[in-house]
Amino acid sequence: MKELDYKKIPNGFLWGASTSAFQVEGAYREDGKGLSIADIRSFRKSKEQLDTKVTVDHYHHWQEDIGLMKELGLKSYRFSISWPRIFPNGDEKEPNKAGLNFYHQLIDALLENNIEPIVTMYHFDQPYGLIEKYGGWVSRDAIKDFVKYAECLLDEFGDKVRYWLTINEQAVLVVAPDMLGIDLNLPDKKRYEQAFQANYHMWLAQAEVFKMCQTRFPNSKIGPAVSYITTLPASRKSFDVMAAKDLEDFYSFAQMEVALKGKIPIYFENELKKLDITIEQYSGDQELLLSGRANCLGVNWYCTTIVEAKSTNDTEQFIFRRIERIRDNDLRYTNWGWNFDPIGLRYGLRQLLNRYADIPILITECGWSEEEELIDGKVHDVRRIEYLDKHIEQMALAIQDGVNVISFNPWSFIDILSVGDGMEKRYGMVYVDRSNFEERSMKRYKKDSFEFYKKVIKANS
Ligand code: BGP
């Protein structure tokens with residue numbers, strides 16, 4: 001039997017790295033940019049931690065940053081376009097030219113450096129104007145405004161960008177609905193009703209965009225960037241195994257099923273019935289979901305989560321209420337509670353093989369967060385190196401198993417603003433000399449993981 005070379009990654013594999021606009025760009029009001037809900041949400045905590053106003057100022061450092069990407073040897077760069085840079089209020093007839101120009105410059109520079117742009121259209125930053133106007137995604141009106149925005153991106157960049165991600169982590173928006181502009185103080189049922197209605201409208205909007213992109217650019221790939229949390233049972237008991245399956249299906253696989261198969265799973269609708277929630281659906285919606293399908297799948301995979309059933313036979317409670325997350329003390333955890341469980345990545349990727357055969361898979365986020373300081377111009381981020389090493393190894397094994405992974409984009413290329421935890425929760429392979437409240441030099445420093453990842457890319461293994 002031929003010795004399998006577990007370290008071999010197919011030629012042409014897109015070794016990349018990842019960021020998002022509101023977390024990396026800063027320049028929150030520059031060149032006509034409007035405010036997004038991500039801006040507004042971050043201002044609520046401006047006194048406690050960094051907000052989106054400056055972050056690491058990629059908007060003014062982008063040439064230098066692309067120079068570092070080139071030095072790193074990246075073959076791809078996954079980033080997002082700031083929706084309110086293009087439509088500041090969300091409902092303008094014409095796009096903001098200065099916003100478009102910024103991304104033309106960025107994308108042209110990436111292409112000149114043979115770095116494939118992987119572009120997320122919407123990464124948590126819906127224009128706040130749409131929330132003020134009609135409540136954002138809770139309203140069906142959001143569909144037409146997102147489709148118009150996506151069409152503008154395809155018009156402008158469709159012949160330069162071959163990999164599109166429509167929406168980043170819808171499931172996170174549902175479980176943290178203040179990111180949709182939904183009032184967290186609403187009674188549970190009302191809050192869930194609005195969040196799941198918003199989730200449904202996002203499904204319809206992205207189906208339209210899948211169709212539009214594949215009609216106009218048949219050689220491009222477009223799909224969702226799904227928050228994929230491989231969920232493991234706390235014990236071998238069937239009620240725990242069922243609890244883990246229920247949560248993983250409801251939170252991660254339902255998003256993949258809708259995008260890739262065009263059907264809302266019955267188990268998903270059954271869960272909503274437990275909250276006595278009925279999603280408002282129009283005739284023609286089902287056909288739209290069925291006709292607008294992704295032709296690739298982005299997964300944001302960080303860690304496994306381990307759950308147990310709160311009681312052995314209670315399945316009448318809504319999913320989030322009948323399941324408990326537990327900690328496995330045999331595993332290492334970040335300071336923010338995400339574990340180090342690389343075999344879980346191979347397991348999770350094999351599940352995708354079983355479900356979706358050879359759909360191209362892009363790992364669009366995968367990373368390890370740490371509080372880090374610069375010491376003598378260096379950051380010895382050994383745990384991040386170990387995290388990358390072990391997860392790349394498991395990804396390679398999954399590829400050897402037949403899983404069609406075409407790209408790996410660790411979160412994050414450079415230290416950027418965390419969604420919820422300011423500047424100190426660092427993921428980057430490039431350190432930025434700033435803290436929550438001091439801009440310091442804003443200089444970029446290559447961490448040890450930069451040199452490690454550079455070697456991996458060079459060796460393609
Ligand atoms: C994912 C988001 C990213 C990034 C990442 C890390 O959910 O897609 O935007 O934020 O999580 O999480 P955090 O920023 O909370 O550390």
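Within 6.0 Å of the CZ atom in R383, the count of heavy atoms belonging to other residues, nucleotides or ligands does not exceed 12. The 12-atom threshold is not exceeded at NZ of K237, counting heavy atoms of other residues, nucleotides or ligands nearer than 6.0 Å. By the 6.0 Å contact criterion, NZ on K443 is open, its count of non-hydrogen atoms from other residues, nucleotides or ligands being 12 or less. For I326, the CD1 atom is densely surrounded, since the number of other residues' heavy atoms within 6.0 Å is greater than 12. More than 12 heavy-atom neighbours from other residues, nucleotides or ligands sit within 6.0 angstrom of CZ on R440.
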Margin query: Determine whether D421 and Q49 satisfy the following criterion, side chain to side chain donor-acceptor pair (under 3.5 Å), listing intermediate values before the conclusion.
Written below: CA-CA 7 Å; D421 302 297; Q49 59 192 37; 5.8 Å; no
Note to self: The test is side chain to side chain donor-acceptor pair (under 3.5 Å); show your working for D125 and S80 and say whether it passes.
What the structure shows: CA-CA 10 Å; D125 55 1; S80 78; 4.7 Å; no
Next item on the list: Please step through side chain to side chain donor-acceptor pair (under 3.5 Å) for the pair D341 and T304, ending with a clear verdict.
Entry: CA-CA 6 Å; D341 195 6; T304 60; 2.7 Å; yes
Check: Between Q126 and I131, does a side chain to side chain contact (heavy atoms under 4.5 Å, CB included) hold up when you go through it step by step?
Finding: CA-CA 8 Å; Q126 184 181 41; I131 289 165; 3.7 Å; yes
Check: Could you walk me through whether Q206 and T166 pass the side chain to side chain donor-acceptor pair (under 3.5 Å) check?
Finding: CA-CA 6 Å; Q206 84 172 349; T166 43; 2.7 Å; yes
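Aromatic pair H391/W368: ring centres not closer than 6.0 Å. The aromatic ring centres of F408 and F13 sit 6.0 Å or more apart. Separation of the Y59 and F102 ring centroids falls under the 6.0 Å cut-off. Here Y387 and Y302 keep their ring centres 6.0 angstrom or further from each other. Aromatic rings of Y267 and Y251 (six-membered ring for Trp) have centroids beyond the 6.0 Å cut-off, not under it. The aromatic ring centres of F79 and F413 sit 6.0 Å or more apart.
Side chains of L362 and C296 form a contact here, defined as non-hydrogen atoms less than 4.5 Å apart. For the pair Y431/F450, no side-chain contact is recorded, criterion being any heavy-atom separation below 4.5 Å from C-beta on. Side-chain contact between I406 and Y163: present, with at least one pair of heavy atoms (C-beta onward) separated by less than 4.5 Å.
Relative ring orientation between Y200 and W203 is described as perpendicular, the plane-to-plane angle rising above 60° on a 0-90° scale split at 30° and 60°. Under the 30°/60° scheme for interplanar angles, the aromatic rings of F157 and Y103 are found to stand perpendicular.
Within the cation-pi definition used here (under 6.0 Å to the ring centroid, within 45° of the axis), R384 does not qualify as a partner of Y427. Under a cutoff of 6.0 Å and an axis angle of 45°, K53 and F43 form a cation-pi pair. No cation-pi contact links R162 to F217, judged by a cut-off of 6.0 Å to the six-membered ring centre and 45° from its axis. Note that K425 lies in the cation-pi zone of W338, set by a 6.0 Å cut-off to the ring centre and a 45° limit from the axis. Stacking of R332 on the aromatic ring of F340 is recorded, both the 6.0 Å distance cut-off and the 45° axial limit being met.
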Just distance, no hydrogens or angles: give the donor-acceptor pairs under 3.5 Å from side chains in residues 117-124, sequence neighbours left out.
unit_1	atom_1	unit_2	atom_2	d
T120	OG1	R78	NE	3.1
T120	OG1	R78	NH2	3.3
Y122	OH	W137	NE1	3.2
H123	NE2	N168	ND2	3.1

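Here Y77 pairs with T19 under the side chain to side chain donor-acceptor pair (under 3.5 Å) rule; sequence neighbours left out.
For the pair R346 and D401, the salt-bridge criterion is met [side-chain N within less than 4.0 Å of a carboxylate O]. A salt bridge links D39 with K33; the closest basic N to acidic carboxylate O contact falls under 4.0 Å. Under 4.0 Å is where a charged nitrogen must lie from a carboxylate oxygen, and between R325 and E308 no such pair does. Using a 4.0 Å cut-off between charged side-chain N and carboxylate O, R355 and E257 make a salt bridge. Under 4.0 Å is where a charged nitrogen must lie from a carboxylate oxygen, and between D246 and R322 at least one such pair does. For D31 and R85, the salt-bridge test fails: no basic side-chain N is under 4.0 Å from an acidic carboxylate O. Using a 4.0 Å cut-off between charged side-chain N and carboxylate O, K447 and E372 make a salt bridge.
A donor-acceptor pair under 3.5 Å is formed between the side chain of N436 and the backbone N or O of M423. Between the Q214 side chain and the R293 main chain, a donor and an acceptor come within less than 3.5 Å of each other. Remark: side-chain polar atoms of S369 are not paired, donor with acceptor, to backbone N or O of G367 under 3.5 angstrom. At distances below 3.5 Å, at least one donor-acceptor pair connects side-chain atoms of D381 with backbone N or O atoms of D448. Side-chain atoms of D376 never come within 3.5 Å of backbone atoms of K378 as a donor-acceptor pair (strictly under, hydrogens ignored). For the pair D240 (side chain) and R236 (backbone), a donor-acceptor distance under 3.5 Å is absent. A donor-acceptor pair is defined here as one N or O able to donate and one able to accept, closer than 3.5 Å; such a pair exists between the side chain of Y453 and the backbone of G16. Looking at K45, its side chain does come within 3.5 Å of a backbone N or O of G420 through a donor-acceptor pair. Not a single donor-acceptor pair under 3.5 Å links the side chain of Q255 to the backbone N or O of Q170. Counting only distance, with no hydrogens or angles, the side chain of E248 and the backbone of T231 share a donor-acceptor pair below 3.5 Å.
Here the options are D65, D415, D433, the test is salt bridge (Lys or Arg N to Asp or Glu O under 4.0 Å), and the partner is R444; only D65 passes.
Note that CZ of R434 is 9.0 Å distant from CG of D57, once rounded to the nearest 0.5 Å. Distance CD/Q23 to CD1/I416: 5.0 Å, rounded to 0.5 Å.
Remark: the T364 side chain and the N409 side chain contain no N/O donor-acceptor pair separated by less than 3.5 Å.
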